[in-house]
Structure formats: C-alpha cells, structure tokens
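Okay, so here's the structure we're looking at.
Computed from a prediction, not measured in an experiment: that's the story for all the values here. First listed ligand is number 1; within each ligand, the first listed atom is number 1.
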Amino acid sequence: MSGPQLITILGATGSIGLSTLDVIARHPDRYQVFALTGFSRTRELLALCLRHTPRFAVLPTQDAARKLQDDLAAAGLDTRVLVGERGLCEVASHPQVDTVMAAIVGAAGLRPTLAAVESGKKVLLANKEALVMSGALFMQAVRQSGAVLLPIDSEHNAIFQCLPVDYARGLESVGVRRILLTASGGPFRETPLAELHDVSPEQACAHPNWSMGRKISVDSASMMNKGLELIEACWLFDARPDQIEVVIHPQSVIHSMVDYVDGSVVAQLGNPDMRTPIAHALAWPDRIASGVAPLDLFSIARLDFQAPDEDRFPCLRLARLAAQAGNSAPAMLNAANEVAVAAFLDRRIRYPEIASMIDEVLSLEPVVEVKDLAAVFEVDAKARVLAEQWLSRNGR
Ligand code: NAD
Ligand code: MG
C-alpha cells in the first residue's frame, strides 16, 4: 500500500471515536485522519482537530460550524468545517477516503454509514443501530458496492475472528452449529427484581467491565444491547435467530464463541477494551499494537457462565421476537428503545418502563415489509410518535 490510509471517524468525540483516535495515533505511518465529526461536544471536537489536523470536520448546525471554522483558522489550520447530515455523508463517501469508522450512536448514523457503504469504503461498523434498522438494505448495499464491512462491536469482532475465512458460504456449510454471543449481564445482573423500579440513570450507566457512551450503557443494563446484537449478528453472519445463543459471562473476558459440529468451540479472549477490536478491524488481515495490556489469566483466575433470565431482562425477549418477525419490526424496536432510553436518562420514566413502553409500542403497529430507506425512516418516525404518545398517556 502506498502512503497512510485516510480515515473518516463519524462520531469522533464519543467513546469509540476516542478509542479509534488512540489506536490511529500509535501508527502514524499507517493511518492519517481525514475527517472528524461531532455533535454537541464542540470544544472537544476543536481539541481533536488541533491534535489530528483533519482535512474536514462536521458539526450539526451552521452556527456551531462557523465558530469551529473561526477557531481553527485562528490556530492556523485549514480544516474545512461542513454542516449536518449532508456534511456527514460527504466525508463518509469522499473519493480520497479509504476507511470509515461508523461510530455515531443511534438512527442518526444510518444515512452517513450507508453513504460509506454505497461508495465502497472499508467500513468499520460500531453503529449497530444502523444495521438493526435496515439490515436487508444495508447488506444489499454492501454486496452491490463491494464495501468491506468489518464489525467493531466486540462480540461480532470476536465471532468474525472465530469463523473460517469462507464463512460467507453459509454457517452450516462451514460446520458451525451455533454462535455463542456473550453478555456481561450489566450492572443489574443480581439486583433484586423489586429494586429495579428505583435504579437511577447513574447506576444503569455504571457498567462493571466496559466504559461506554450513555445510551449503550443503558442498553447493556437492560440487555437490549444484546438483543440489538443478536439482530446485528443475524445480518453480519447470515444467521437465523435460533442459531445464536446468548450466554451471560460476567467477566467479559471471552468476547464470544463459535460452536462447530465436531464439538470444537472457538473463542476470542482479551481484556474488555474496545481498542482491541478497533485495531483488529483497522489492520485486518494484519495485526497491530492497540495499547491494550496483555491478558493476565492468573489474575482473572475463573470464567463464569449462566443462562439469561428473560423475566429480569424482558428487552432481550422483545428483541428476539423482533429478530424473528424481521421486516419493519427491528426498526420499530430500535426507535422505541431510543425514545425510552432518552426518557429514562432524563428521569421521565422508571427503568422497568423502558421494556413496557417498547412492548406496548410494538404491539400497536403491524409488522410491514420495508422496501427502501424511505420506508425504514417512516417506520422509525411512526415508532417515535407512538413512544411519545405513550409518554404523554402515562403523564410524563
Ligand atoms: P457516545 O455517546 O460516546 O458517542 C456518540 C457519538 O455520536 C459522539 O461523537 C456524538 O457526537 C455523535 N452523535 C450523537 N448524536 C448524533 C447525531 N444526532 N448526529 C450526529 N452525530 C451524533 O457513544 P459510543 O459509546 O461511542 O457508541 C457509538 C456507537 O458504537 C453506538 O452505536 C454503540 O452502540 C456502538 N458501540 C459502542 C461500544 C463502546 O464500547 N462504547 C461498543 C460496541 C458498540
Ligand atoms: Mg457489544
């Protein structure tokens, strides 16, 4: 390869974005930052631009973009600041870009991530919501453009590492019996059920093993994250929901496993630090240093496993049902969940109401076929309206 690869980081100011920049900064000979995007943390984006000198930056409003442009000019940088979703799509599909890290949280990442896919980039996918919402269209776009899609979600990155290179022939053809999707069980794995009514957003965001953004932290507490990951795994590995088993593994040392017909179970292990899957996907098929400490098996000493309890984690059941129903159901589930998590973080609803609200919203709409992106966004908007109606009906 000639010269460093040029990289766009969508969601650079977030947890995954910052971990990506940490890995990239260790390998200036291999990677160079092309564009960085942010949303509300404009001062953080300015600091990142000063450090990594990208050619482009993106912010959501004209005012914020103008201010950043002025600050960058005052510091002597010629970084161009673009605005909004158009700007995101432009830096995701720019002809000079080799690799796009898709690390915006939620449905907001769908169009820019698809723009990267459609222009045939190497796409490192952290934004699982984009794939959950539009799986069939997303994977069709990957096939049509020849984009290289590599999973960043630690479980999916682990599964990818545990599968043979020709897994696209079909899981059964390559001898896979099951995918074992591991989950930590989050901060409420052992909390008495009666106490869940009173848990706070801070408690939900205090994940025992991983440090992440607030939305995915709440999803991990409710195990909706594992439900979204189940749907994500179905699309990435062309699996049926019944080929995937969720296994609670509180230490988060095994990041997932593949169970083969001959009785072999292949696992990927490591410290719970997202720089490992990020470095893996950035360099694939090579290996590069990520800054993650070597795994100390003697201090870990033991690995535990248990089956998930769907009474404790009703979101997991809702997501499995949506995975089985397919079509519009996952987009509906995702949008209702985004509204519910935001309402919980704003203290408008109690933690157990996240699941009851999603359940009710899903029951109000029939599952329909989604033929194009417009239909996906229609479903997304409909679910958000129904979720807001739930909030007002319940006096929030
Ligand atoms: P985060 O909240 O820390 O960061 C989110 C990023 O998205 C920020 O850069 C923010 O500026 C940007 N953003 C938010 N709303 C936006 C909008 N409306 N338009 C444009 N940009 C917007 O989240 P995170 O933990 O880094 O997670 C990012 C994605 O990666 C999520 O989809 C999450 O599920 C996935 N993921 C994260 C982890 C992790 O360890 N953090 C692990 C696996 C997968
Ligand atoms: Mg994960």
Exercise. Which pair of non-hydrogen atoms, one from Pro112 and one from Ala92, has the smallest distance, and what is that distance?
Worked result: O-CB, 3.3 Å
Problem set entry | Close side-chain approach of Pro277 to Pro151, heavy-atom, < 4.5 Å | no
For this session: For ligand 1, would you mind listing the residues that have at least one heavy atom less than 4.0 Å away, ordered by chain and number?
Result: Gly11, Ala12, Thr13, Gly14, Ser15, Ile16, Gly38, Phe39, Ala103, Ile104, Val105, Ala108, Ala126, Asn127, Lys128, Glu129, Asp153, Met212, Gly213, Ile216, Met274
Problem set entry | Exceeds 12 heavy-atom contacts within 6.0 angstrom, atom CG of Asp78 | no
Problem set entry | Heavy atoms from other residues, nucleotides or ligands near CZ of Arg384 exceed 12 (cutoff 6.0 Å) | yes
Problem set entry | side-chain contact (heavy atoms from CB on, under 4.5 Å) between Gln161 and His255, worked out | CA-CA 10 Å; Gln161 294 196 46; His255 298 310; over 6 Å; no
For this session: Pick out which of Thr113, Ile152, Leu150 makes a side-chain contact (heavy atoms from CB on, under 4.5 Å) with Leu125.
Result: Thr113
Problem set entry | Connected via hydrophobic side-chain network under 4.5 Å: Phe56 and Val123 | no
Problem set entry | Atoms of type N/O/S from protein, distance to the Mg ion (ligand 2) below 2.8 Å | 3
Exercise. Closest approach of Asn337 and Lys215, non-hydrogen atoms and distance?
Worked result: ND2-NZ, 3.8 Å
Problem set entry | Closest contact, heavy atoms only, Ser328 versus Pro366 | OG-O, 4.1 Å
